[in-house]
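Chain identifiers are assigned alphabetically (A, B, ...) following the order of the sequence lines, protein sequences preceding nucleic acid strands; residue numbering begins at 1 within each chain. The structure presented is a predicted model; accordingly, all values stated were derived computationally and were not measured.
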There are 4 protein chains.
Amino acid sequence: MAQPDTVTRILDTAEVLFAERGFAETSLRNITSKAKVNLAAVNYHFGSKKSLIQAVFARYLEPFSERFHRALDELEARHARDGSEIPLEELLETMARTVLEVPAERDSLKVFMRLLGLAYSQAQGHLRGYIQSEYGDVFSRFTELVRRATPELPDAERFWRLHFILGSVIFTLSGLDALRDIAEHDYGERVSVHELIGRLRPVVVSAMQAPMPGA
Amino acid sequence: MAQPDTVTRILDTAEVLFAERGFAETSLRNITSKAKVNLAAVNYHFGSKKSLIQAVFARYLEPFSERFHRALDELEARHARDGSEIPLEELLETMARTVLEVPAERDSLKVFMRLLGLAYSQAQGHLRGYIQSEYGDVFSRFTELVRRATPELPDAERFWRLHFILGSVIFTLSGLDALRDIAEHDYGERVSVHELIGRLRPVVVSAMQAPMPGA
Amino acid sequence: MAQPDTVTRILDTAEVLFAERGFAETSLRNITSKAKVNLAAVNYHFGSKKSLIQAVFARYLEPFSERFHRALDELEARHARDGSEIPLEELLETMARTVLEVPAERDSLKVFMRLLGLAYSQAQGHLRGYIQSEYGDVFSRFTELVRRATPELPDAERFWRLHFILGSVIFTLSGLDALRDIAEHDYGERVSVHELIGRLRPVVVSAMQAPMPGA
Amino acid sequence: MAQPDTVTRILDTAEVLFAERGFAETSLRNITSKAKVNLAAVNYHFGSKKSLIQAVFARYLEPFSERFHRALDELEARHARDGSEIPLEELLETMARTVLEVPAERDSLKVFMRLLGLAYSQAQGHLRGYIQSEYGDVFSRFTELVRRATPELPDAERFWRLHFILGSVIFTLSGLDALRDIAEHDYGERVSVHELIGRLRPVVVSAMQAPMPGA
DNA sequence: CATGAATGAGTGTTCATTCAT
DNA sequence: GATGAATGAACACTCATTCAT
């Protein structure tokens with residue numbers, strides 16, 4: 001039917017409002033009135049606001065997780081054949097591609113990155129726990145492959161560098177709209193998400209290959 | 001006096017609670033009851049919750065801004081004498097030193113970084129506006145010096161790279177406790193803020209010096 | 001069949017939950033989820049929560065009423081033969097026996113007494129009206145026989161004494177579990193319902209035979 | 001002033017409504033709208049509905065407890081002088097007198113008894129716990145004196161008989177209005193609370209002096 | 001200068017009930 | 001004959017803010 005069902009309408013609206021204002025600042029009434037849905041429908045379908053928040057994430061992470069696993073399967077199979085190690089660039093490239101692919105089916109990477117930024121910064125302890133427990137293994141698999149691709153880095157150093165990079169990505173992609181406005185105003189260039197990821201690429205690679213501190 | 005005055009007690013408590021839970025999730029009741037201060041005192045002394053949030057930031061940014069200006073004065077004077085340009089490393093070093101210096105007078109850098117992270121991610125539009133209008137010039141002065149130190153970079157590229165770096169710094173420093181716990185658990189190393197900044201240094205420099213995208 | 005049908009499952013569960021928590025404190029969701037029955041089933045089968053409450057009572061009072069009528073028939077027939085009046089003790093004994101007999105078919109007297117206590121104390125005006133209109137005649141018949149067995153008592157006095165007794169019975173039997181726990185803890189005796197009724201017997205008889213007030 | 005303060009208005013209204021409908025069936029909105037008081041005032045002054053319920057009880061039990069202790073002091077002092085034991089009748093009489101005295105200052109015993117009945121029958125576990133912890137010692141003192149006044153009764157038997165009596169008292173006094181209406185309609189007598197207690201007196205004494213079961 | 005009391009608007013959640021299928 | 005979905009009303013409670021004192 002033309003009118004998507006209640007659950008989808010709630011998720012679509014919640015996703016946008018959460019991204020715009022944050023979780024605590026978005027009330028269920030905000031969501032349901034904008035989604036033209038009965039207030040009680042949220043609790044009926046999701047049980048609680050907390051679960052709604054998790055459901056919003058699950059809708060992104062579920063297909064991401066599945067595709068990323070598949071993409072890593074392929075990558076590993078290809079290199080298993082010729083016995084070579086998967087290079088770092090290829091791993092990062094695969095992740096970037098998968099990230100870009102998934103939300104393309106719906107509206108935008110920006111919303112998800114904003115949500116991811118919120119998940120880290122807001123007092124939503126349950127969210128980090130939920131994401132870790134549900135999707136932790138994909139990330140573990142990825143970091144393990146990164147480890148093999150960067151054998152020269154001590155484990156702790158790699159851990160921190162991955163988080164430096166994660167910070168760059170989440171921070172710039174989640175604040176994309178505001179930053180893009182400034183950039184456009186000051187430098188007259190309007191960047192797309194793809195271009196921004198293009199800009200991130202060499203920076204990320206350099207960051208991972210930086211000399212050891214104190215060297 | 002032994003018992004700090006009401007205003008200070010409110011600021012001290014608000015700062016900690018905001019950092020722990022976020023702005024929306026921290027009620028004035030939380031703050032005033034923990035600070036053992038009358039509920040009405042916040043509105044009496046600060047006017048509103050919004051103003052309290054700004055006051056919390058002002059207490060960090062005021063001395064930072066003043067010291068950073070002074071540090072840049074010195075730096076410029078020194079290089080003016082021998083006619084040389086200020087190198088990027090020295091600029092970054094000066095900022096890091098100043099950032100570390102200021103909150104040392106109170107408790108911790110971590111709290112401020114957490115607040116800064118919140119300021120960017122949470123729906124506190126007023127905060128970004130406030131920080132920009134009150135302390136924008138110090139940051140403009142800094143970015144102008146960075147521009148002179150990296151003449152080979154196009155302006156837009158420099159803009160984005162500075163934000164990539166800002167993301168790394170805010171993300172890792174604001175989530176410091178959680179990340180430190182993971183790192184300690186997984187790699188048995190407990191890093192101090194100084195060590196973490198030490199780890200950031202080469203990564204940040206490499207990031208700024210990365211090859212141009214598409215090159 | 002092994003799995004009792006929906007109506008019975010609802011009644012069984014409702015009875016227990018009502019007794020445990022009271023009527024208002026037990027939601028239809030509590031009942032239907034515990035009974036593993038669709039939420040709408042209650043309204044489908046019973047029409048409303050109010051009717052469900054009445055149905056729970058009917059399931060006890062229907063067989064009780066029928067048996068008690070039969071028991072009183074026998075009692076009257078026996079004494080009609082020898083022309084004697086039915087003594088009070090025999091009436092009370094008959095009631096006690098019937099009360100004990102009926103719920104024995106299901107689980108417990110305690111539940112029913114608890115429900116009866118709730119019916120009197122809770123704001124379920126409809127319940128008292130319902131019980132009176134459906135089962136009032138059995139009780140009228142019984143009180144009339146009590147009247148003949150205690151001709152020396154003024155009607156009003158008898159009325160009040162019967163209610164004093166009713167209070168004792170309902171109060172102790174409906175709070176049986178809690179009181180039994182205390183008694184067991186303090187005096188090391190675990191009483192059964194039969195024993196408790198044994199303890200009630202002489203007290204009830206003495207109460208009915210107490211001297212008139214002001215005498 | 002003519003208009004009693006907010007706290008008192010809430011307590012007065014809550015007491016009446018609780019007695020009329022029960023605790024769960026009375027909403028804070030019912031109370032505050034009838035008391036012409038802001039809805040938030042209940043939580044401001046009492047913290048929660050639960051605490052309001054306890055406060056309603058405390059307003060009765062506090063003065064009762066104090067007076068009853070004083071009355072027992074006198075009674076013990078009087079009998080200590082002539083070395084005699086306090087007879088049961090005098091103990092019961094003292095309790096009855098104190099119970100009647102206290103609420104006389106406000107409106108009615110009936111309301112309190114109704115509340116007491118609710119406390120026992122409704123799912124207000126916190127209430128029994130609260131009453132026990134706050135006023136348990138006064139009741140312990142009383143039952144200890146009853147023990148000395150009835151040395152011939154086994155402890156367990158005394159325990160149960162006291163509860164039989166408690167049931168009679170609470171049941172009849174808490175349902176007073178309804179029962180009084182029936183009695184008036186059927187027997188043309190309108191009893192006062194004092195008369196009802198007069199009727200209870202000989203019944204209660206007989207109940208305590210009934211022969212042992214099985215004797 | 002400071003505060004206890006109060007308030008109107010809002011929160012997430014639960015309720016019994018209805019209804020299309 | 002039965003049920004998943006939905007709903008309007010109500011719930012207890014919390015919020016930032018105001019104001020008389």
Side-chain angles (χ1 to χ4, degrees), chain A residues 5-7 9-10 14 23-33 35-53, chain B residues 5-7 9-10 23-33 36-53, chain C residues 5-7 9-10 23-33 36-53, chain D residues 5-10 23-33 35-53:
Chain A
D5 73 348
T6 304
V7 169
R9 283 227 300 289
I10 292 174
F23 303 112
E25 294 87 349
T26 303
S27 73
L28 294 188
R29 279 172 177 78
N30 291 156
I31 296 168
T32 54
S33 69
K36 293 192 198 310
V37 151
N38 187 279
L39 168 61
V42 171
N43 282 285
Y44 176 73
H45 287 289
F46 298 94
S48 68
K49 185 180 183 179
K50 198 185 277 192
S51 303
L52 170 61
I53 294 175
Chain B
D5 69 351
T6 302
V7 170
R9 282 227 301 287
I10 292 174
F23 302 113
E25 293 87 349
T26 302
S27 73
L28 295 188
R29 267 179 179 71
N30 291 155
I31 296 168
T32 54
S33 68
K36 294 190 200 306
V37 151
N38 186 276
L39 168 61
V42 169
N43 283 283
Y44 179 73
H45 287 289
F46 297 93
S48 70
K49 185 179 183 179
K50 199 183 276 191
S51 304
L52 170 62
I53 294 175
Chain C
D5 70 351
T6 302
V7 169
R9 283 228 301 287
I10 292 174
F23 302 113
E25 293 87 350
T26 303
S27 73
L28 295 188
R29 265 177 180 73
N30 291 155
I31 296 169
T32 54
S33 69
K36 294 189 198 310
V37 151
N38 186 276
L39 167 61
V42 170
N43 284 282
Y44 179 73
H45 288 289
F46 297 93
S48 70
K49 185 179 184 180
K50 200 184 276 190
S51 304
L52 170 61
I53 295 175
Chain D
D5 72 348
T6 303
V7 169
T8 308
R9 283 227 300 289
I10 292 173
F23 302 113
E25 294 86 349
T26 303
S27 73
L28 294 188
R29 277 173 178 75
N30 291 156
I31 295 169
T32 53
S33 69
K36 293 190 197 311
V37 150
N38 186 279
L39 169 62
V42 170
N43 282 285
Y44 176 73
H45 288 289
F46 298 93
S48 69
K49 185 179 183 179
K50 199 185 277 192
S51 303
L52 170 61
I53 294 175

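Here CG of A/Leu39 is found 5.0 Å from CZ of A/Arg29. Values are rounded to the nearest 0.5 Å. Annotation: the span from B/His45 atom NE2 to B/Thr6 atom OG1 amounts to 5.0 Å, rounded to 0.5 Å. Here the CG atom belonging to B/Asn30 is positioned 8.0 Å from the OG1 atom belonging to B/Thr32, to the nearest 0.5 angstrom.
Stem analysis of DNA chain F (at least three stacked-register Watson-Crick or G-U pairs, each with both distances under 3.5 Å) gives E:2-21 with F:2-21.
Across the protein-nucleic acid pair, A/Phe46 atom CZ and E/dG12 atom P stand 15 Å apart, rounded to whole Å. Computed from coordinates, the A/Tyr44 OH to E/dT18 P distance equals 17 Å when rounded to whole Å. When the C1' atom of F/dA5 is taken as reference, atom CZ of A/Arg9 falls 13 Å away, rounded to whole Å. For the pair C/Lys36 NZ and F/dA2 C1', the interatomic distance rounds to 18 Å; values are reported in whole Å. Rounded to whole Å, atom C1' of F/dA12 lies 17 Å from atom CZ of D/Phe23.
Of the two residues near DNA chain E, D/Ala41 and B/Val37, the one whose nearest nucleotide lies more 5' is B/Val37. Sequence order on DNA chain F of the closest nucleotides to B/Gly47 and D/Gly47 puts D/Gly47 first from the 5' end.
Residue contacts shown for B/Thr6 are absent, as no nucleic acid heavy atom lies under 4.0 Å away.
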Might you list the N or O atoms of the protein lying below 3.5 Å from N or O atoms in nucleotides 8-11 of chain F, with each pair's distance?
{"unit_1": "F/dG8", "atom_1": "OP2", "unit_2": "A/Asn38", "atom_2": "ND2", "d": "3.0"}
{"unit_1": "F/dG8", "atom_1": "N7", "unit_2": "A/Asn38", "atom_2": "ND2", "d": "3.4"}
{"unit_1": "F/dC11", "atom_1": "OP1", "unit_2": "D/Ser27", "atom_2": "OG", "d": "3.0"}

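At least one donor-acceptor pair under 3.5 Å links the side chain of D/Lys49 to the backbone N or O of D/Phe23. The main-chain N or O of B/Ala40 is never found under 3.5 Å from a side-chain atom of B/Asn43 such that the two would form a donor-acceptor pair.
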task = Start with the C-alpha distance between D/Phe46 and D/Ile53, add both sets of side-chain angles, then the distance that settles side chain to side chain contact (heavy atoms under 4.5 Å, CB included), and finish with yes or no.
result = CA-CA 9 Å; D/Phe46 298 93; D/Ile53 294 175; over 6 Å; no

request  = Would you check, one step at a time, whether the test side chain to side chain contact (heavy atoms under 4.5 Å, CB included) holds for A/Leu28 with A/Ile31?
outcome  = CA-CA 5 Å; A/Leu28 294 188; A/Ile31 296 168; 4.3 Å; yes

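The phosphate of E/dG4 (OP1 or OP2) has no side-chain N or O of D/His45 nearer than 4.0 angstrom. Between D/Asn43 and F/dC13 there is a side-chain polar atom (N or O) within less than 4.0 angstrom of OP1 or OP2.
Here the closest heavy-atom approach between residue A/Lys36 and residue A/Arg9 is recorded as O-NH2, 3.1 Å.
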